[in-house]
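Here's the structure we're looking at; comments come further down.
What you see is a predicted model; the values in this text were computed from it and never measured.
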Amino acid sequence: AELPSVAVPENIIDGGSESDAGSLSINLSGIAASSPDPGEAVEVVIRTTKAVADLVDFELNGATVQAVADPDAEVPADGAADTRDYLYTLAGPIADGDLIAKVDQYAAGTFSFAMDVTTTDGADTSTLSGLPFQFKVAPVAQQAEVSVSAPPSSEADGSLAFSVDVASVDTDGSEFISQISLSFALT
């Protein structure tokens, strides 16, 4: 089998800003994998961590691929951190611009991967392993949901009872409410 022809960008791919309207699709320009011999099969395996795999899927030629835990890795004991590689297996070739990352709503940060590309000709294979690539998604703070309620009161009470409820829209733990300011105007 011929040695695969592979391209990965040297720089971090800019994926734009996080989405608050469903998953974000990022075109991973600069990533390509093929064989010089068009008769050879091309398989691409992309590796990452569980934390990233929980937030990112890949799409190639209209097919979405989710990561699975490395079947050859030891399953962690109950309560232990899952340090296994998570693998996306894609049937190539991949032309530049064809690979799409699908990032969950509200997810942001730098997402790191390593790519292994194998060409197969009959029983013969050739592999390039550990080709790194990254993309980043800029965080965007979501406006909190605020509701105010007040029970009936009269001027004779001299006070005004009210309740303010504030909740974060982004509930993945990446955002928190850091300050609440109230202002009053008497009219």
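- Residues A81 and P76 come closest through the heavy atom pair O-CB, 3.6 Å.
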Would N27 and S29 satisfy side-chain hydrogen bond (donor to acceptor under 3.5 Å, both in side chains), going step by step from the backbone distance to the final call?
CA-CA 6 Å; N27 183 298; S29 293; 2.9 Å; yes

What verdict does the side chain to side chain contact (heavy atoms under 4.5 Å, CB included) test give for V44 and M115, after you've listed the backbone C-alpha separation in whole Å, the side-chain angles of each residue and the deciding distance to 0.1 Å?
CA-CA 7 Å; V44 177; M115 184 169 71; 3.5 Å; yes

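- Among residues at least two apart or in separate chains, salt bridge (charged side-chain N to carboxylate O under 4.0 Å, His left out) pairs with a member in residues 112-132 are R47-D116.
- Counting heavy atoms from C-beta outward, F111 and V137 have side chains that approach closer than 4.5 Å.
- Under the rule for a ring pair (Phe, Tyr, Trp, His ring centres under 6.0 Å), the partners of F113 that lie at least two apart in sequence or sit in another chain are F58, F133, F135.
- Nearest heavy atom pair, residue L55 against residue A51, reads CG-O, 3.7 Å.
- Minimum interatomic distance between G30 and P9 (heavy atoms only, all atoms of both residues): O-CD, 3.6 Å.
- We find the CG-CG distance between D37 and L3 to be 13.0 Å, quoted to the nearest 0.5 Å.
- Considering CD of E59 and CG of L28, their distance stands at 11.0 Å, rounded to 0.5 Å.
- Side-chain atoms of E40 and T120, non-hydrogen and from C-beta on, never get closer than 4.5 Å to each other.
- Grouping the Ile, Leu, Val, Met, Phe, Trp and Tyr side chains by contacts below 4.5 angstrom, directly or via other members, places V45 apart from V52.
- Between L24 and S17, the shortest heavy-atom contact is CD2-O, 3.4 Å.
- Transitive grouping of hydrophobic side chains (ILVMFWY, heavy atoms separated by less than 4.5 Å) keeps Y86 and I31 in distinct clusters.
- By the 4.5 Å heavy-atom criterion applied to side chains, V75 and R84 are counted as neighbours.
- Linking Ile, Leu, Val, Met, Phe, Trp and Tyr whenever their side-chain heavy atoms come within less than 4.5 Å leaves L90 and L87 in two separate clusters.
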Working for side chain to side chain contact (heavy atoms under 4.5 Å, CB included), residues I12 and D14:
CA-CA 6 Å; I12 297 173; D14 185 357; over 6 Å; no

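- Between A95 and A32 the shortest heavy-atom distance is C-CB, 4.3 Å.
- E145 places none of its side-chain heavy atoms less than 4.5 Å from the side chain of V166.
- Note: T127 OG1 to E43 CD = 8.5 Å, rounded to the nearest 0.5 Å.
- If you check the side chains of S23 and K102, you find no donor sitting under 3.5 Å from an acceptor.
- Under a hydrophobic clustering in which Ile, Leu, Val, Met, Phe, Trp and Tyr are joined whenever their side-chain heavy atoms come within less than 4.5 Å, directly or via other members, V65 and I46 fall into the same cluster.
- Considering only heavy atoms from C-beta on, N61 comes within 4.5 Å of D98 through its side chain.
- For the atom pair CG (D165) and OG (S149), the distance works out to 6.5 Å, reported to the nearest 0.5 Å.
- With hydrophobic clusters built from ILVMFWY side chains whose heavy atoms lie under 4.5 angstrom apart, I13 shares a cluster with L131.
- Remark: the backbone N or O of V56 is paired with a side-chain donor or acceptor of Y88 at under 3.5 angstrom.
- Between S112 and Q134, the side chains place a donor N or O and an acceptor N or O closer than 3.5 Å (distance only, hydrogens not considered).
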Verify side chain to side chain contact (heavy atoms under 4.5 Å, CB included) between I100 and L60, making sure each step is shown before the conclusion.
CA-CA 6 Å; I100 308 278; L60 180 62; over 6 Å; no

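- S35 and T119 share no donor-acceptor pair across their side chains, judged by distance under 3.5 Å alone.
- Atom CD of E2 sits in a crowded spot, with more than 12 heavy atoms from other residues, nucleotides or ligands closer than 6.0 Å.
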